Structure formats: structure tokens, C-alpha cells
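In this text the structure is predicted, and so the values were computed from the model without any measurement.
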Amino acid sequence: MVLKKGEIYEGVIQKVDFPNKGRIIIEDTTVTVKNGIPGQRVRFLIHKKRGKRLEGRLLEVLEKSPLETRKPLCSVFPECGGCMYQTMAYEEQLRMKEEQVRTLLEQALRAGGQVDEQGRADFDWEGIHASPIEFGYRNKMEFSFGDDRKDGPLTLGLHKKGSTYDVLNTGDCRLVHEDMTRILRCVWHYFSSRGVSHYKKMQHTGYLRHLLLRRGVTSGEILVNLITTSQEEHDLEPLKEELLSLPLEGRIVGVMHIVNDSLSDTVQCDEMRILYGQDFFYETLLGLTFKISTFSFFQPNSLAAEILYSIVREYVGDTRDKVVFDLYSGTGTIAQLLAAVAKEVIGVEIVEEAVEAARLNARRNGLENCRFIAGDVLKVLDELEEKPDTIVLDPPRDGIHPKALPKILDYGVDRIVYISCKATSLARDLESFLAKGYRVVKAAGVDQFCETVHAETVALLVKNR
């Protein structure tokens, strides 16, 4: 059978590769179909064909997978793109993610020649660590205003799977604490009852854009950020009063109105108006206190982040009298955790607000041997006079910039710890590390993103001498 672009077929998802690429085999032809679960029988449309590479778009799940042993936990599954795996038992999610990540690392090591006598990838895989809580773990969530069909009533929530326009009401989202969903429902009801317009991305008209919520897991403190355009003016005082009167487990410490007139569909700030309280709260992680503001980078699952950073600290090892570079340092969480056992830690981060937060947090935690530099890693490395003894890497999802990677490798440090939120990027970058005489000693996974297709990976690389 010759599969043709534009035609519809049926098949069973045999396996899902990281992050969510399902494999369907029809008469020795493999089709990649995203957004499925192993064992599901699905209908799909071939929408890309490049030589022997075929990609299909999932149209319908005809039969459930044997792995789907739970009922949907929210009202918009499976239309919503947030929780791919919520009908799978958590143990099965972990088992699948562990196999996906381990397979990627093993393939990269075999390709790079790091093998034992039997030709197997030669490193210690330390398994995947579960999140301490499976639901309500996200300390930050960006919700969008829109509609779930053209010119439909106002919605507030997450996008439909595979859509950049249609937005579903997600008033019972299980990824966030109930406090957040109560706030979401309050905001949605306030604006929908008043007929307030949402921003339409194609026409660049309308008022309501996003609702950004942050909640401290340890403190219960909440920031409410309403993002709109400046195209209309509305009295937000009644909304503030309704929010502050909500019965919440935690408490709202800040309500902000953020004006964003950019054309791109991102949460950013042209102007911030504080309607109530303050634009920050404090979170505690492994005994250290961090100030979190509206746009601060912080790991979205605080409790799983403690596990992740404990592994990083163990992998870094003994750093007494040593200089550590923390590249892509965010708000300096890792740098501060390492500062107690290092001579000096230098963090480099391109987001200036994150760097300023890192400096404030270091002072608050009484750490005098942390230094944070605002700038692109690619450029800052050319300007630094210090030479590191150890390097920690926590790059964005797409990995290390290909021009920055050689500069990092040229330091020739004995030990590098690489943290990756996208294992395919780590596997790709390993080729360069192995070629420069590094070997992966051990690696582990941390599930910071339960119910979703994502997982965090930590790898320890040591220089061959």
C-alpha cells in the first residue's frame, strides 16, 4: 500500500517517542502521529510527506489504549492540549517517559562511541524521579482569553489541541491549585457578564489578552496579572474587590493590570499598574528564600524542582576552592544552592529582570560569593576573565546555541552538569561533548510536568584525562 498525502487512514500507535511522536506502522511504512497514547487505535490524515518520512494529524481516537485506566479528570479532555496523559496511571506515565529519555541518551552515546564490550551505551542510568504531587503542582500558569469557535462567547483557559486560535474554558484544570481555578472562574464571569471584547490576533483588535497566575507552593501567596491591550478602558476596581473576597486556601498578595500592545501572542509588559498589594511573593526552596515577581523565571513545579536541584548538587560534587559557572542561570536558584560549597559562582542569564532578581535573592540569603551577569552566554564568555573549574548548564528548551557550545567546551573543565527540559536537545548536544573527550558518567530524569509530554533530564559529564 502506498500512503498518500491528504488521505485518511486508521492504525494502532505502537510506541510514542519523546516528546509525543506516536509511531503507526502500516505495511512496513511508519507514520508519525502526535498527541496519542501507545495502544490507541486512531484515524489520522497524512498531512506531510517528505520522501519516506510521513506525518499524520490525529483526527479521532477509535479505541482506547489498554494503558488508559482512568477516567478524564477535567471537562475538556481530550480537546485541550495541556494534559496528554491524564487517563494513564501515573506509574505508566513515568515508565513511558523513562524509556523515552533513556533511549535517546543511549542512542547518542552509541553514536558517539561511548559503549561497553557488548556495544551497549556505557553509563549509569539512575531512573526517573516522580513529582511529589501529581496534580495541582504548577506554581505558574498563563491562561488566554478568546473563543472556542469563530465569534463564539468569551472563553478563558487553554488552547485547543493543535490550535493557535480556539481557546477552551478550563475552569477545572487539574494542573493548578484550586485557588487558581477559582480566580479564573471569577475573572471569566466578570468579563463575560459585561460583554468585554477579547484580543483577536489576526485583526489586532480587542481588549482582553491573558490571565497570568502565580502561587507560592510553600507560602500560598498569589499574584493575579490581567494582561490587556490599551484599546479600551474598563473600571477594574469591582474585579479587584471580587477577587479579594474569594474564599481561597492561600491569599492574594498582588493584583496587577499589565498593558501589552505587541502584535505577537506573548505575555509581555508595556506598562504595569498595581491595583492591589505588591508584584512579588517569596518562595522557599531547599532552605533558601527566593523573591518571585510576575515575569521571574522559576521552575513551574517547586516540589519537583527540589528533587532536581538536589541531584544537580550531588552531580556537581566537591567544589571547595573552585569557581563554578552557572550558564543560563535564570533567577540564580542553582547558583545559590552551590554557593555554600564553592569558592565563587558566576551566573550568566540573558533576561535582565531575572538577573536583578538573582542578585536580590543572593543578598537576601546572605551569599557573598555569587555574581550574576546579564547578557547572552555567547557574548559574555568572551568577556569573562575568570576560568571555571566546573560548569552547570541549564539552557532553554532548544539547547545550547551552536556558536556558544565550542566556547564552553574550550574551557576543558573536568566536570559539567547539563540540565535539559527537552531530552532531544541534550542528545543532540552530546555529540559535541563526546567528540571533545567528555563521557556521560550518569544521568537521571525528573518528572516536573505530570500528565504532560515533558520531562526534565540531568546528566553528569566528566572529561577523560
Is the closest basic N to carboxylate O distance between D398 and K422 below 4.0 Å? yes
Indicate the atoms forming the closest heavy-atom contact of S192 with L154, along with that distance. N-CD2, 3.8 Å
Can you list every pair that meets ring-ring contact (aromatic ring centres under 6.0 Å, His included) and has a residue in residues 192-211, with sequence neighbours left out? Y207-H234
Taking W188 for the side chain and T170 for the main chain, is one N or O donor matched with an acceptor at less than 3.5 Å? no
Counting C-beta onward and ignoring hydrogens, is there a side-chain heavy-atom pair between F372 and E349 closer than 4.5 Å? no
Donor-acceptor pair, N139 side chain versus V217 backbone, under 3.5 Å? no
Yes or no on side chain to side chain contact (heavy atoms under 4.5 Å, CB included) for Y90 and Y85, after CA distance, side-chain angles and deciding distance? CA-CA 8 Å; Y90 188 45; Y85 301 137; over 6 Å; no
Enclosure of K34 NZ (heavy-atom neighbours >12, cutoff 6.0 Å): no
Between G206 and S197 the two heavy atoms that sit nearest each other are CA-OG, 3.6 Å
Just verifying a value: how many Å separate F433 CZ and Y418 OH, rounded to the nearest 0.5 Å? 6.5 Å
Backbone of T266 reached by a side-chain donor or acceptor of N260 within 3.5 Å: yes
Flag yes if more than 12 heavy atoms outside K161 fall under 6.0 Å of its NZ atom; otherwise flag no. yes
Under a plain distance cut-off of 3.5 Å, with no hydrogens placed, do H257 and T228 share a side-chain donor-acceptor pair? yes
Atom NE2 of H47 with >12 non-hydrogen neighbours under 6.0 angstrom: yes
Taking it one step at a time, do C83 and R174 satisfy side chain to side chain contact (heavy atoms under 4.5 Å, CB included)? CA-CA 9 Å; C83 288; R174 295 296 299 275; 5.8 Å; no
I'd like to know if E178 pairs up with R185 as an ion pair, taking the criterion as any Lys NZ or Arg NE/NH1/NH2 lying under 4.0 Å from an Asp or Glu carboxylate oxygen. yes
Nearest heavy atoms of I46 and K4, plus distance in Å: CB-O, 3.5 Å
Please tell me whether T333 and Q299 have a donor and an acceptor in their side chains that are separated by less than 3.5 angstrom. no
So T32 and E55, side chain to side chain donor-acceptor pair (under 3.5 Å) or not? Walk me through it. CA-CA 5 Å; T32 299; E55 293 184 22; over 6 Å; no
Run the side chain to side chain contact (heavy atoms under 4.5 Å, CB included) check on D151 and K200 step by step: do they pass? CA-CA 10 Å; D151 299 324; K200 296 184 178 180; 3.5 Å; yes
Any side-chain to backbone donor/acceptor pair from R182 onto P247? Under 3.5 Å, distance only. yes
Please determine, by modelled atom types, if T294 and D279 share a side-chain donor-acceptor pair under 3.5 angstrom. no
Pairwise side-chain contact, L54 with T30, heavy-atom cut-off 4.5 Å (strictly under): no
Salt bridge present between E221 and R251 (N-O < 4.0 angstrom): yes
Does any part of the side chain of F191, heavy atoms only, come nearer than 4.5 Å to the side chain of L239, both counted from C-beta? yes
Output yes when a side-chain donor or acceptor of D166 lies under 3.5 Å from a complementary backbone atom of K160, and no otherwise. no
Can you tell me how far the CG atom of L378 sits from the NE2 atom of H401, to the nearest 0.5 Å? 5.5 Å
Student check: side-chain heavy atoms of T87 and P72 closer than 4.5 Å: yes
Within 45° of the axis and under 6.0 Å from the centre of the six-membered ring of Y190, does NZ or CZ of R194 qualify? yes
Distance, nearest 0.5 Å, that separates CD1 of I419 from CG of L426: 11.0 Å
NZ of K64 to OG1 of T69, rounded to nearest 0.5 Å, is 9.5 Å
Going by the rule side chain to side chain contact (heavy atoms under 4.5 Å, CB included), which residues pair with E63 if we only count those two or more places apart in sequence or in a different chain? R41
Checking side chain to side chain contact (heavy atoms under 4.5 Å, CB included) for the pair I183/L243: CA distance, chi angles, key distance, verdict? CA-CA 7 Å; I183 291 169; L243 288 169; 3.8 Å; yes
Could you check whether any side-chain heavy atom of I24 comes within less than 4.5 Å of a side-chain heavy atom of V12, counting everything from C-beta outward? no
Can you confirm if the NZ or CZ of K140 lies within 45° of the ring axis of F298 and under 6.0 Å from the centre of its six-membered ring? no
Indicate yes or no for a side-chain donor-acceptor contact from Q278 to the backbone of G254 under 3.5 Å, with no hydrogens or angles considered. no
Donor-acceptor pair, distance only, cut-off 3.5 Å: does the side chain of K97 make one with the backbone of H454? yes
Heavy-atom closest contact (E283 atom, S219 atom, distance): OE1-N, 3.9 Å
In short, D447 meets A304 closest at the heavy-atom pair O-CB, 4.1 Å
Donor-acceptor contact present, side-chain D376 to main-chain I350, <3.5 Å: no
Does K49 use its side chain to pair, donor to acceptor, with the backbone of L3 at less than 3.5 Å? yes
Under the 3.5 angstrom rule, does the side chain of Q93 hit a backbone N or O of M88 as a donor-acceptor pair? yes
Nearest non-hydrogen partners of C421 and R397, listed with the distance: O-NH1, 3.4 Å
Do the non-hydrogen side-chain atoms of L434 and L109 ever get within less than 4.5 Å of each other? yes
Charged N to carboxylate O under 4.0 angstrom, E98 versus R95? no
Is there a side-chain contact between V355 and V348 (heavy atoms, below 4.5 Å)? no
Carboxylate-amine/guanidinium contact R70 E451, below 4.0 Å: yes
Any side-chain donor near an acceptor of the partner, Q40 and S65, under 3.5 Å: no
Are more than 12 heavy atoms, taken from residues, nucleotides or ligands other than E7, located less than 6.0 Å from that residue's CD atom? yes
Going from OG on S296 to CG on N361, what distance comes out if it is rounded to the nearest 0.5 angstrom? 7.5 Å
State, with a plain yes or no, whether a side-chain heavy atom of V101 is found less than 4.5 Å away from one of I128. no
Does the side chain of E106 come under 3.5 Å of the side chain of W125 through a donor N or O and an acceptor N or O? no
In Å, rounded to the nearest 0.5 Å, how long is the span from CZ of F280 to CE of M256? 10.0 Å
A quick test of your reading: do over 12 heavy atoms of other residues, nucleotides or ligands sit less than 6.0 Å from CD of Q203? yes
